[in-house]
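Beneath this line is the structure, given in structure tokens, with notes to follow.
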Amino acid sequence: MYLFNTLSREKEEFKPLKENEVRIYTCGMTVQDAPHLGHLRTFIFADVLRRFFEFLGYKVIYIQNFTDIDDKIIQRAKEEKIDWRDIGQRYIDEYFYVSDLMNIKRADAYPKASQFILEMINLIQKLLKKGYAYKTKSGIYFEVEKFKTYGKLSKKKIDELLAGARVEVDEEKKNPLDFALWKSYKENEPYWYAPFGRGRPGWHIECSAMSMHYLGETFDIHIGGEDLIFPHHENEIAQSEAATNKPFVKYFLHNGLLLLKGEKMAKSTKNYFLAKEALREYEPDIIRLFLLKAHYRSPYEFTTERLEEAKSQWQRIKEFFIFAKKGKEAFRFIVPEKIVNALLDDLNTPFALGEIFKMIEEFFKTKDLSLYSLVYSSLKLLGFKLTEKEPLYLTTEDNIENLIKARTIARKNKKYDISDKIRTALNYLGYELRDTNEETIFFKKEEKEVNKEEFKKIVDALKKEIEEQLKEEEFPYLKEILELIKEY
RNA sequence: GGCGGCGUAGCCAAGCAGCUAAGGCGGCGGUCUGCAAAACCGCUAUUCCCGGGUGCAAAUCCCGGCGCCGCCUCCA
């Protein structure tokens, strides 16, 4: 398995610290707002990576945090005049709603920053004791100059950072780049007691404390959006390694950002498309397909046109399952080697999808039912839901089989006016029909509006029409049709 | 200004030195079909932002431009 490591800016062969085990930490959300599609990109990427490791036989320990205490959450709580914890909980709930719908596998733990205050205090004390941190009126700061490899992740140099400095100036800070480990108590703000004074944690320290708590002082993989490289992950490395004298993380993986109108999708600029909104309009698998169509590290522009494109592509996958369903009987979980190899190469999901579409074309040409297993397994490996309800859509909840039978009889007797009326009626119930040589396939189209009255009107008119015809001449097949549609 | 990334057909997107430049969406023409839909066949990049260079060989490596994006402040 080769993965692009931000630390080296190269694809490196993945070697786990412990044989057959991978420990992964993904920077989750700061729960000050609802998840958008940009967040989903990261979590879907992490989800596919994790599933692939499991497929390869690794034991995966996967942790994803919630940062539930920070400036913006406090700010928001003040605005809404509710407890800061309620703000966090609201968006945590929403996160799980979205993530479960998207079929993102649950992490082994979802630590919240506010539950790890003690661990953070211990870390800060260690840093104070070792001389990496110092105290001012406004809090405890990490002294960047003391950590000689500061900047090794983002490839930034301290003096260059200072040159561009947009960092807020604090008179007491030794260096504008020094970052807060702990913020001193302020009125009307949540606080905790600590040996070095009451207050609350700064940003960055929670991820060090939580990741090390679950995964140890050195672990395999740390995932996050590209925008977290600096300062967040750089600072995590500094404070963690300064405290432990051990390498913090072996592989840092960062995904490219999702853009909207040419700009980064972000909460702060209100330039975003909410995940729950996308899920109102599109099946989760379509959104997953949209996200996996581009390599995880590329910048990727979101437009509704592209979601529509993913929807068309998904339709082809559905067609495959409609016609290949008999292959299910001999199902075996097998993923083609080409797809495994593509994923082994820095998780090349676009290539893997290309191979899936090739198999689908192959199926339509050859009708080789063994392709069912290959396509199904590959899609499952990529985390697609593929529930019965979605790609197969052969629901019979409305019990329409007799109508289909009646229509078949009508077609056999070339009574196309009758068969077309039945088809139109069924369209009003939301069904689409497909005539093949052997049978008529029907499936429910979720976007079609159901109009039961119209359906009834057409069926009733049809019944009358047939009754009239029967008065003039006794066609046995007409009787049969009437018998079949009587119940509707 | 500094650091990083990207620029491949109408659109999206793989490929990152050597088989005819994957795959999808869209479009056009055809086959099949009562109709519809789906599917299938064919066409839709002699060329990979531009200009140089190094190789027997470059979309792929190097240099110089141009354009877009990200980070340097909170951010997946």
Intermediate values then yes/no, side chain to side chain contact (heavy atoms under 4.5 Å, CB included), A:Leu291 and A:Phe45: CA-CA 8 Å; A:Leu291 291 169; A:Phe45 155 55; over 6 Å; no
Electrostatic pair [X]:[Y] at N-O distance under 4.0 angstrom:
{"X": "A:Asp33", "Y": "A:Lys72", "answer": "no"}
{"X": "A:Glu160", "Y": "A:Lys156", "answer": "no"}
{"X": "A:Arg50", "Y": "A:Asp47", "answer": "no"}
{"X": "A:Glu189", "Y": "A:Arg200", "answer": "yes"}

Categorize [X] for me: base, sugar-phosphate, or nothing, with a 4.0 angstrom heavy-atom threshold over every strand shown.
{"X": "A:Leu257", "result": "base"}
{"X": "A:Glu263", "result": "sugar-phosphate"}
{"X": "A:Leu40", "result": "nothing"}
{"X": "A:Arg76", "result": "nothing"}
{"X": "A:His254", "result": "nothing"}
{"X": "A:Tyr300", "result": "sugar-phosphate"}
{"X": "A:Lys267", "result": "sugar-phosphate"}

Scan every strand shown for a Watson-Crick or G-U wobble partner of B:rC56, both distances under 3.5 Å, and answer none if you come up empty. B:rG18
Re B:rC25: Watson-Crick or G-U wobble partner, both distances kept under 3.5 Å, found to be B:rG10
With hydrogens left out and only the distance checked, is there a donor-acceptor pair under 3.5 Å joining [X]'s side chain and the base of [N]?
{"X": "A:Asn348", "N": "B:rG15", "answer": "no"}
{"X": "A:Glu309", "N": "B:rG24", "answer": "yes"}
{"X": "A:Lys156", "N": "B:rC72", "answer": "no"}
{"X": "A:Asp435", "N": "B:rC35", "answer": "yes"}

To the nearest Å, give me how far apart CG (A:Leu153) and P (B:rC3) are.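 Going from A:Leu153 (CG) to B:rC3 (P), I get 17 Å.
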Roughly, in whole Å, what's the span from CG in A:Asp227 to C1' in B:rG5?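 Going from A:Asp227 (CG) to B:rG5 (C1'), I get 14 Å.
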Give a yes/no answer on whether the side chain of [X] brings an N or O atom under 4.0 Å of OP1 or OP2 in [N].
{"X": "A:Lys311", "N": "B:rC25", "result": "no"}
{"X": "A:Arg316", "N": "B:rC40", "result": "yes"}
{"X": "A:Ser298", "N": "B:rA14", "result": "yes"}
{"X": "A:Arg306", "N": "B:rC12", "result": "yes"}
{"X": "A:Lys264", "N": "B:rC71", "result": "yes"}

For A:Ser312 and for A:Tyr416, locate the closest nucleotide of RNA chain B by heavy-atom distance; then report the residue assigned to the nucleotide nearer the 5' terminus. A:Ser312
Please state the C1' separation for the pair B:rG15 and B:rA21 - nearest whole angstrom.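 About 8 Å, rounded to a whole number of Å.
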Answer yes or no: is there a side-chain heavy-atom contact under 4.5 Å between A:Phe116 and A:Lys112?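 Counting from C-beta outward, A:Phe116 and A:Lys112 never come under 4.5 Å.
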I want to verify the glycosidic state of B:rG55; is it syn or anti under the 90° rule? syn
